[in-house]
Amino acid sequence: MSRKALDQNLPFLEMESMDTNRGKLWLALRYLRGQGRGFIHRSHWLTIAGITLGVTALICVGGVMNGLRADIRNRVTSTLSEIRITARGGEAMSGYQSLVDSLDGMGYKTAPVIRNDLVIKKGEQIFSTQCFGIDPQRHARISAALGQKTLTPDGNVLGILNGDVSGPFFNEGGIALGSSLALNMGVKVGDEIQLLSPVFDVPTAFGLLPRVRTVHVAAIFSTAMPDYDYSFSFISLEEASFFKDYNGEIDYIEVKTPDATSPEAHTKRIRNHFKDLKVEDWGAYDASLYSAIRFEKYLMFVIMLFMYVIASFNLTGSMLKTIAQKRRELGLLKAFGYRDADLSGLFLRQALILSSLGIALGLVISTVLLLVQKHFGLLSMGMGDAGPLPLPVVFSWKDYLSVVLASFAITLISVLLPLRRLHRINPIELIRQTT
């Protein structure tokens, strides 16, 4: 071996006296620094920037999708409930009072409900409605739409806008209408309208006729959900029983939990206590909407993950370039006793250092961006008649953990090709070339 080659690679002779792991780390840092004086050579900053951008996108998308899901959950459960209990076969529930008492004893708020899909007739106008038969005193405890008028954090009105559902005016042939439904019909509190069943099941001398009731508008409410305001209405249990031909039966029981943040856990608890009943959380009320939100989050996560995969190509290229430039040094290391596994550990450490820096920067930047959006609401989205609303944000440690694990997994995969190149290095041939 020439004297010049030995002088150039003298640091590696000193490495023989070092601990193996310390030697690998020392070399990894030396290769990252290159000929520069900083901790990382500027040629590696593009790799770090790509990883940072990928992690930032993943965390931000996850936070926004979590926020959208939480916002919709809050809107749905503020009007309906968090949990619904029905008979397992879907038939009407009779003797439900003992079940209600048991749930009340477990710390839940409950309300029996009879649901009818009816038609509202006002003069020549006809509108469809999802009409819920309720006990107004019990239902007001679980539905904010029947409570006092309040403003939601995003500025929407929630509760009774006009009228009342707690007195005899509602119980004796009254109906509460959603604000948009009442506006389209052009009715106000005290006006009379007709409720008709779309099913013709009443036999008369003239054939089968629908069930019809004349009711008066007792209240107008707002749910802060445009779709609900256009279609929802409430009547008493007695009036609703007429349209279903019930005699003391109900369709289901709405349940409000003491902890609105974990309805799934309460659903499991109630299901374990009442195994012969069907217990569903709020996600089953509109299964297509809930599935769409969940699928969209996974889809966006996968799409953003491709950004990280693209960034990992820079890491692969950087490793291949380093191996090509340091080929002779690596050959000398093999001659000094380094095995292929030792060299693989050297470059694996280099890749992990780069990816760790990128991941850490991405986590910090994405957290700052989400905090800014959460507190200042710089970005907005349209909500129909509700107008633009700040894009909601919810942090989830599961998202952070998933992104970190996925990032390191992709990093390990991206260095497999460069590590395979190390096996092709022949130290004898390289030593001959230096003599």
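Computed from a predicted model, the values in this text were never measured in an experiment.
- Few gaps surround CG on N272; more than 12 heavy atoms of other groups in view lie less than 6.0 Å from it.
- By the 4.0 Å N-to-carboxylate-O rule, D281 lies too far from R73 to be salt-bridged with it.
- When the salt bridge (Lys or Arg N to Asp or Glu O under 4.0 Å) test is applied to R213, the partners found at least two apart in sequence or on another chain are E239.
- Partners of E264 by salt bridge (Lys or Arg N to Asp or Glu O under 4.0 Å), not counting sequence neighbours, listed by chain and number: R69.
- Atom-to-atom distance recorded for Y298:OH and L305:CG is 14.5 Å, nearest 0.5 angstrom.
- Considering CZ of F306 and OG of S312, their distance stands at 11.5 Å, rounded to 0.5 Å.
- Within the 4.5 Å cutoff, the side chain of F243 has no heavy atoms near those of the V199 side chain.
- Take Y246 and apply the ring pair (Phe, Tyr, Trp, His ring centres under 6.0 Å) test, not counting sequence neighbours, and it matches no residue.
- More than 12 heavy atoms of other residues, nucleotides or ligands shown are found within 6.0 angstrom of CZ on F274.
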Under 3.5 Å, which donor-acceptor pairs link side chains of residues 113-124 to any protein atom two or more places apart or in another chain?
{"from": "R115", "atom 1": "NH2", "to": "Q130", "atom 2": "OE1", "distance (Å)": "3.1"}
{"from": "N116", "atom 1": "ND2", "to": "A240", "atom 2": "O", "distance (Å)": "3.4"}
{"from": "K121", "atom 1": "NZ", "to": "G123", "atom 2": "O", "distance (Å)": "2.8"}

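- Remark: K244 engages D251 in a salt bridge (Lys or Arg N to Asp or Glu O under 4.0 Å) (not counting sequence neighbours).
- Residues meeting the ring pair (Phe, Tyr, Trp, His ring centres under 6.0 Å) test with F232, sequence neighbours left out: F132, Y228.
- Summarising the geometry of G67 relative to V394, their closest heavy-atom pair is CA-CG2, 3.6 Å, with the distance given to 0.1 Å.
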Check: residues 351-372 side-chain donor-acceptor pairs under 3.5 Å, at least two apart:
{"from": "S355", "atom 1": "OG", "to": "A351", "atom 2": "O", "distance (Å)": "3.1"}
{"from": "S355", "atom 1": "OG", "to": "L352", "atom 2": "O", "distance (Å)": "3.1"}
{"from": "S356", "atom 1": "OG", "to": "L352", "atom 2": "O", "distance (Å)": "2.6"}
{"from": "S366", "atom 1": "OG", "to": "G362", "atom 2": "O", "distance (Å)": "2.8"}
{"from": "S366", "atom 1": "OG", "to": "L363", "atom 2": "O", "distance (Å)": "3.1"}
{"from": "T367", "atom 1": "OG1", "to": "L363", "atom 2": "O", "distance (Å)": "2.7"}
{"from": "T367", "atom 1": "OG1", "to": "Y400", "atom 2": "OH", "distance (Å)": "2.7"}

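- Of the N and O atoms on the side chains of Y308 and T411, at least one donor lies less than 3.5 Å from an acceptor on the other residue.
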Determine all donor-acceptor pairs shorter than 3.5 Å in which one atom belongs to a side chain in residues 85-99; sequence neighbours excluded.
{"from": "R88", "atom 1": "NH2", "to": "K275", "atom 2": "O", "distance (Å)": "2.9"}
{"from": "R88", "atom 1": "NH2", "to": "L277", "atom 2": "O", "distance (Å)": "2.8"}
{"from": "Q97", "atom 1": "NE2", "to": "D101", "atom 2": "OD1", "distance (Å)": "3.0"}

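- Two residues are said to be in side-chain contact when any heavy atoms from C-beta on lie closer than 4.5 Å; P136 and S166 fail this criterion.
- Checking each of T267, V100, V279, I83 against V255 for a side-chain contact (heavy atoms from CB on, under 4.5 Å) leaves exactly one that passes, namely I83.
- Counting heavy atoms from C-beta outward, S231 and D227 have side chains that stay 4.5 Å or more apart.
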Would you tabulate the side-chain donor-acceptor contacts of residues 141-148 under 3.5 Å, counting partners in other chains and residues two or more places apart, or write 'none'?
{"from": "S143", "atom 1": "OG", "to": "T79", "atom 2": "O", "distance (Å)": "2.7"}
{"from": "S143", "atom 1": "OG", "to": "A145", "atom 2": "N", "distance (Å)": "3.4"}

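- By the 4.5 Å heavy-atom criterion applied to side chains, T316 and V415 are not counted as neighbours.
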Run I48 and T52 through side chain to side chain contact (heavy atoms under 4.5 Å, CB included) and show every step you take. CA-CA 6 Å; I48 296 175; T52 300; 4.0 Å; yes
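- Distance check, rounded to the nearest 0.5 Å: CZ of F200 to CZ of R211 gives 13.0 Å.
- Residue pairs meeting the side chain to side chain donor-acceptor pair (under 3.5 Å) criterion with at least one member in residues 57-68, sequence neighbours excluded, are N66-K297, N66-D399.
- Contact detail for K278 and E280: the closest heavy-atom pair is CE-OE2, 3.1 Å.
- Within the 4.5 Å cutoff, side-chain heavy atoms of L237 are placed close to those of P112.
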Using the rule given for side chain to side chain contact (heavy atoms under 4.5 Å, CB included), can you reason through I303 versus L299, listing the C-alpha separation, both sets of side-chain angles and the distance that settles it, and then say yes or no? CA-CA 6 Å; I303 292 174; L299 181 62; 4.1 Å; yes
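- Considering NE2 of H266 and CD of E82, their distance stands at 7.5 Å, rounded to 0.5 Å.
- Residues F169 and V189 meet the side-chain proximity criterion, which asks for heavy atoms closer than 4.5 Å.
- Side-chain contact annotation: T223 with R75, donor-acceptor N/O pair under 3.5 Å absent.
- Results of the side chain to side chain donor-acceptor pair (under 3.5 Å) test with T110 over K256, E254, R138 single out R138 as the only residue that passes.
- The one candidate from D229, L158, T150 that meets the side-chain contact (heavy atoms from CB on, under 4.5 Å) condition with S222 is D229.
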Does the pair Q194 and T214 meet the rule for a side chain to side chain contact (heavy atoms under 4.5 Å, CB included), with working shown? CA-CA 4 Å; Q194 281 189 317; T214 298; 3.9 Å; yes
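- Shortest non-hydrogen contact noted between W282 and P263 is CD1-CG, 3.9 Å.
- The line from CD1 of I51 to OG1 of T56 is 11.5 Å long, rounded to the nearest 0.5 Å.
- The structure places NE2 of H139 at 7.0 Å from CG of L80, a figure rounded to the nearest 0.5 Å.
- Here the side chain of N74 pairs a donor or acceptor atom with the backbone of A70 at under 3.5 angstrom.
- Nearest heavy-atom pair across G186 and D191 is O-OD2, 4.4 Å.
- Contacts of L379 classified as side chain to side chain contact (heavy atoms under 4.5 Å, CB included), with partners at least two apart in sequence or in another chain: Q373, L391.
- For K374, there are no salt bridge (Lys or Arg N to Asp or Glu O under 4.0 Å) partners, not counting sequence neighbours.
- T257 has its side chain within reach of Y108: a pair of non-hydrogen atoms, C-beta onward, lies under 4.5 Å apart.
- Counting heavy atoms from C-beta on, the side chains of L181 and Y230 never come closer than 4.5 Å.
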